[in-house]
Amino acid sequence: MGSLPLPAFPAAAAKHSLDESSHIDESALTTLFKSQQSHLNFFFEHIDHSQTLAFTRALLNAAGTVFFTGVGKSGFVAHKISQTLVSLGIRSAFLSPVDALHGDIGILTDRDVLVLLSKSGATEELLRLVPCARAKGALLIALTSVEGNALAAACDMAVHLPLQRELCPFNLAPVTSTAIQMVFGDTVAIALMEARNLTKEEYAANHPAGKIGKSLIFKVKDVMRKQDDLPICRETDLIMDQLVELTSKGCGCLLVIDDRYRLIGTFTDGDLRRTLRASGEAIFKLTVGRMCNRNPRIIGPEAMAVEAMKKMEAPPSPVQFLPVINDENILIGIVTLHGLVSAGL
């Protein structure tokens, strides 16, 4: 069976991609960034903070869910702001204006807030949604950038997001208006975060798969190896008899214990190399207990996993593992640097 022919690119597209007149230099790019900065500064300098405060308080005092809606690029921003609030533990969701008019508006109640994002305030789908949402009793708030628009007039509250112009040379592509929508929404989100006195631990609880969540949630006992995975031996064992145990568990060490499982010390693969260089053939008669480190760094099972990593990296020299000891000095596990990294820490 023959291979399928490759799709042909239109000649016009190929010509356009190779057009020598299509280029951009550093100076032009720098000018664009400075222009966007100027447009954003216009927003910061002209925003009405009394409107912003009223908006923030409305969201803070919402008894139900804070819904966001919008169409096109404003819809993407609305969805993102809503997700940011959710990550802060605030009940929020995105409501598609089209789907809302075909049944999804049933989720709205008189305890909810509906925030409608639109640059022009003339978005047809949002204007059709307003009377339906009002009939459900929700508080309606418009976020728009054109003065005296229909959407702002139709809602219970309106916030004007000052827009000097779009960065687009035609003043059409919504690249500045969406930027100020995002900045506005994220800044209000942090204001709500502070007003609710959200702690770092509460924030981490909402991000269990992220690095910050893992660093504040995971304890040593959650990431340590235990039982059959521990490379253990007795202090009277000969070093050469424990090579398999030293190398097979993937920890790079032996944990030396007594009959009650109390930790005596550690013997690493580095200790093995140093002992071999210093002792030569005499290593065949040396016990692990004679050559082990009897004062190793240790950690408890309730310590935070991130603290284990800090302890491993502490001077005078970093280590690759920490024996995990309970209050009775009983060995219950081992935490390795590789294990911490694999856990996302």
Side-chain angles (χ1 to χ4, degrees), residues 40 43-44 47 49 51-70 73-96 107 109 111-117 138-139 141 143 159 161 178-224 299-314 322 324 335-345:
L40 293 176
F43 163 74
F44 288 121
I47 188 170
H49 290 290
Q51 289 184 353
T52 303
L53 179 60
F55 173 76
T56 306
R57 286 175 173 171
L59 269 56
L60 180 63
N61 296 325
T65 301
V66 179
F67 288 96
F68 286 81
T69 189
K73 308 300 185 295
S74 292
F76 289 124
V77 176
H79 192 279
K80 191 274 177 187
I81 296 173
S82 173
Q83 289 301 108
T84 297
L85 294 185
V86 169
S87 75
L88 300 178
I90 299 171
R91 283 178 295 178
S92 183
F94 175 76
L95 181 64
S96 163
I107 198 171
T109 72
R111 296 164 54 86
D112 301 329
V113 175
L114 178 61
V115 182
L116 303 95
L117 277 73
L139 175 67
I141 307 177
L143 302 182
V159 179
L161 305 182
T178 51
I180 64 177
Q181 287 174 344
M182 190 79 78
V183 168
F184 176 83
D186 285 346
T187 304
V188 168
I190 298 304
L192 293 172
M193 178 182 181
E194 293 181 349
R196 292 163 59 93
N197 297 314
L198 186 73
T199 66
K200 185 183 289 188
E201 289 71 24
E202 290 171 330
Y203 180 80
N206 294 334
H207 299 75
K211 186 168 185 178
I212 184 173
K214 291 176 180 177
S215 68
L216 293 171
I217 294 175
F218 281 15
K219 294 185 176 181
V220 168
K221 65 182 180 182
D222 299 319
V223 295
M224 71 181 187
I299 199 164
E302 295 298 326
M304 301 307 297
V306 68
E307 290 301 319
M309 180 170 286
K310 291 178 181 177
K311 201 165 188 177
M312 289 181 192
E313 297 172 344
L322 294 174
V324 183
V335 57
T336 65
L337 182 60
H338 180 267
L340 293 174
V341 173
S342 298
L345 294 165

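Heads up: numbering here begins at 1 and tracks the sequence.
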Looking at Phe76, I'd like to know if its CZ atom is crowded, meaning that more than 12 non-hydrogen atoms belonging to other residues, nucleotides or ligands lie closer than 6.0 Å. no

Could you state the interatomic distance from OG1 (Thr109) to CZ (Phe67), rounded to the nearest 0.5 Å? 7.5 Å

Can you tell me how far the CG atom of Leu117 sits from the CG atom of Leu143, to the nearest 0.5 Å? 4.5 Å

Side chain to side chain, Leu192 and Leu88, heavy atoms closer than 4.5 Å: no

What distance separates Met193 CE from Ile90 CD1, expressed to the nearest 0.5 Å? 9.5 Å

Using only atom types and a distance under 3.5 Å, with no angle test, would you say the side chain of Glu202 pairs donor to acceptor with the backbone of Thr199? yes

Do side-chain atoms of Asp112 reach the backbone of Thr65 as a donor and acceptor pair under 3.5 angstrom? yes

Closer than 3.5 angstrom, by distance alone: can the side chain of Arg91 be matched with the main-chain N or O of Ala63 as a donor-acceptor pair? yes

Worked check of side chain to side chain contact (heavy atoms under 4.5 Å, CB included) between Arg57 and Leu53: CA-CA 6 Å; Arg57 286 175 173 171; Leu53 179 60; 3.6 Å; yes

Would you compute the distance between atom NZ of Lys310 and atom CD1 of Ile299 and round it to the nearest 0.5 angstrom? 11.0 Å

Just so I know, are the side chains of Ile180 and Ile47 near enough to count as touching, which here means a heavy-atom distance under 4.5 Å? no

Tell me every residue that passes side chain to side chain donor-acceptor pair (under 3.5 Å) with Ser92, counting only those two or more places apart in sequence or in another chain. Ser82

Contact between Leu322 and Met224 at the side-chain level, heavy atoms closer than 4.5 Å - yes or no? no

Heavy-atom pair of closest approach, residues Met309 and Leu337: CE-CD1, 4.1 Å

Does Val324 form a side chain to side chain contact (heavy atoms under 4.5 Å, CB included) with Lys221? I'd like the steps, not just the answer. CA-CA 8 Å; Val324 183; Lys221 65 182 180 182; over 6 Å; no

Of all heavy-atom pairs between Arg196 and Gly89, which one has the smallest distance, and what is that distance? NH2-O, 3.1 Å

Shortest non-hydrogen contact from Phe94 to Gly75? CE1-O, 3.5 Å

Nearest 0.5 Å, please: how far is CG in Leu116 from CG in Leu95? 9.0 Å

Check whether any side-chain heavy atom of Asp186 sits under 4.5 Å from a side-chain heavy atom of Lys80, and report yes or no. yes

NE2-OG1 distance between His79 and Thr84, expressed to the nearest 0.5 angstrom: 10.5 Å

Which heavy atom in Thr56 sits nearest to a heavy atom in Ala191, and how many Å separate them? CG2-CB, 4.1 Å

Can you label the angle between the Phe43 ring and the Phe184 ring as parallel, tilted or perpendicular, going by 30° and 60°? perpendicular

Is any side-chain heavy atom of Leu340 closer than 4.5 Å to one of Phe218? no

Note, Leu59 side chain near Ile141 side chain (heavy atom, < 4.5 Å): yes

Minimum-distance pair of heavy atoms, taken over all atoms of Leu85 and Ala189: CD2-CB, 3.7 Å

Minimum-distance pair of heavy atoms, taken over all atoms of Ala179 and Leu40: CB-CD2, 4.1 Å

